[in-house]
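Working notes, beginning with the structure itself.
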There are 2 protein chains.
Amino acid sequence: MSTLTSTPDALAQRLADSGLRSTPQREVIYDVLLKKRDHPTADEVFARVKSELPTISLATVYNCLETLVQCNLVRAVNFERGPTLYCPNLRPHAHFHDEQTGATHDIDLPEGLLAQVTTILPQGYDAKSVEIIFRGKAQSAR
Amino acid sequence: MSTLTSTPDALAQRLADSGLRSTPQREVIYDVLLKKRDHPTADEVFARVKSELPTISLATVYNCLETLVQCNLVRAVNFERGPTLYCPNLRPHAHFHDEQTGATHDIDLPEGLLAQVTTILPQGYDAKSVEIIFRGKAQSAR
DNA sequence: CAACAAATTGGAATGGTTCTAAGGTGCAAG
DNA sequence: CTTGCACCTTAGAACCATTCCAATTTGTTG
Ligand SMILES: [Mn+2]
Ligand SMILES: [Mn+2]
Ligand SMILES: [Zn+2]
Ligand SMILES: [Zn+2]
């Protein structure tokens, strides 16, 4: 099982690996992210999760999302100072931020691109991660 | 005079071009950014500017920085949800965020790299800007 | 100078996120 | 079992960078 697969079942495993418990809140939040693979804010996740867990609190949504990020099941994405977006796509990808619609699109990276981009770093720079963000206009699907 | 040069004198010109006034606040703030070419926050700029303009307000610092960004004399840079950083380097460059020290380093881009990265976009995506962010550890200058 | 627009100012408001303190939950040792 | 204890969730307060607002100041134009 590679680190790139995302299934609801992967969750219990990853949590256990980190010595954390599987809870209804964590499961439902992860399910919600996998079901509609867009880039919701914590508030948006809160709204979607409420139908399943009507008494969940916003603090718990933040806590669980943070846990999922720590377990490497979800990526946190930021544009300028906007609210953090949560992305369950674990493949190496860039983000395209559509300035008209506010939508965020995943752009898969060709094999080797990150390695190549990293070669621009002068000696002495040791990058643990590289992030690529595009901003512009995306053609709407017709 | 290319768009890549940064001189105090360029400011009056750019402001005029946009129908804006040259003010002491705007001049001193721009000078402060050019003098120490790091990536200060608005608060940091506020602190540096106060010695020259003791009565300046933080709101004005925000207003002026925003004006400089609109005039393309300064770039605003964000890491996660941290305070916005202001960068007077107008050459195409990436940012390296040193996670140990919190320092931000400019990484000049080789000719053609942005064009090449942009080729990963599928048809229908029209990027107006590309941003590259590295995170990791940078060797301290010894 | 008068009129008006542009810019600055201090302080209040905003909004996403984090913190805090109080309960709840569930495995584990006895 | 059942008690202990760590983990987790919860509501609401606090935080803090930034924006907004209304009042004043500054500068330009007629
Ligand atoms: Mn947007
Ligand atoms: Mn940092
Ligand atoms: Zn994504
Ligand atoms: Zn820079």
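Side-chain atoms are counted along with the backbone in the values below, which use heavy atoms only and exclude waters and symmetry mates. Within every chain, numbering begins at 1; the chains are lettered A, B, ... in the order of the sequence lines, protein sequences first and strands thereafter.
- Separating the CD atom of B/E66 from the C1' atom of D/dC20 is a distance of 14 Å, rounded to the nearest angstrom.
- Distance, B/F46 CZ to D/dC16 P: 17 Å, rounded to whole Å.
- By the neighbour-count criterion of 12 heavy atoms within 6.0 Å, atom CD of B/Q70 is densely surrounded, having more than that number from other residues, nucleotides or ligands.
- Under a 3.5 Å cut-off, the side chain of B/R81 and the backbone N or O of A/R81 do form a donor-acceptor pair.
- When each of D/dT18, D/dT10, C/dG11 is scored by its nearest atom to the side-chain atoms of B/A42, the top-ranked nucleotide is D/dT18.
- Residue B/Q25 places at least one side-chain N or O closer than 4.0 Å to OP1 or OP2 of C/dT9.
- One can place CG of A/L20 at 9 Å from P of D/dC7, the figure rounded to the nearest angstrom.
- Atom CD in A/E44 sits about 12 Å away from atom P in C/dG16, given to the nearest Å.
- The CG-C1' distance, from B/N63 to D/dC20, rounds to 10 Å in whole Å.
- Place A/R21 and B/T84 on DNA chain D by their nearest nucleotides, and A/R21 ends up nearer the 5' end.
- Contact annotation: A/Y62 side-chain N/O to C/dT18 OP1/OP2 distance is not under 4.0 Å.
- If you check D/dT10, C/dT17, D/dA17 against the side chain of B/D43, the one that comes closest is D/dA17.
- Judged purely by atom type and a 3.5 angstrom limit, A/D98 uses its side chain to pair as donor or acceptor with the backbone of A/A138.
- Rounded to a whole Å, the CG atom of B/L15 is 14 Å from the P atom of C/dA6.
- In the model, B/N89 has no side-chain atom that pairs as donor or acceptor with a side-chain atom of B/H39 under 3.5 Å.
- Rounded to an integer number of Å, the gap from CZ of B/R81 to C1' of C/dT14 is 12 Å.
- No side-chain heavy atom of A/E131 sits under 4.5 Å from any side-chain heavy atom of B/H97.
- As judged by a 4.0 angstrom heavy-atom cut-off over every strand, B/T55 is placed among residues touching the sugar-phosphate backbone only.
- Residue contacts shown for A/T23 are limited to sugar-phosphate atoms, with no base heavy atom under 4.0 Å away.
- At least one side-chain nitrogen or oxygen of A/R26 sits closer than 4.0 Å to the OP1 or OP2 atom of D/dC8.
- In this structure, A/L58 atom CG and D/dA13 atom P are separated by 15 Å, rounded to whole Å.
- Along DNA chain C, the nucleotide nearest to B/S57 and the one nearest to B/G19 differ in position, and the one closer to the 5' end is contacted by B/G19.
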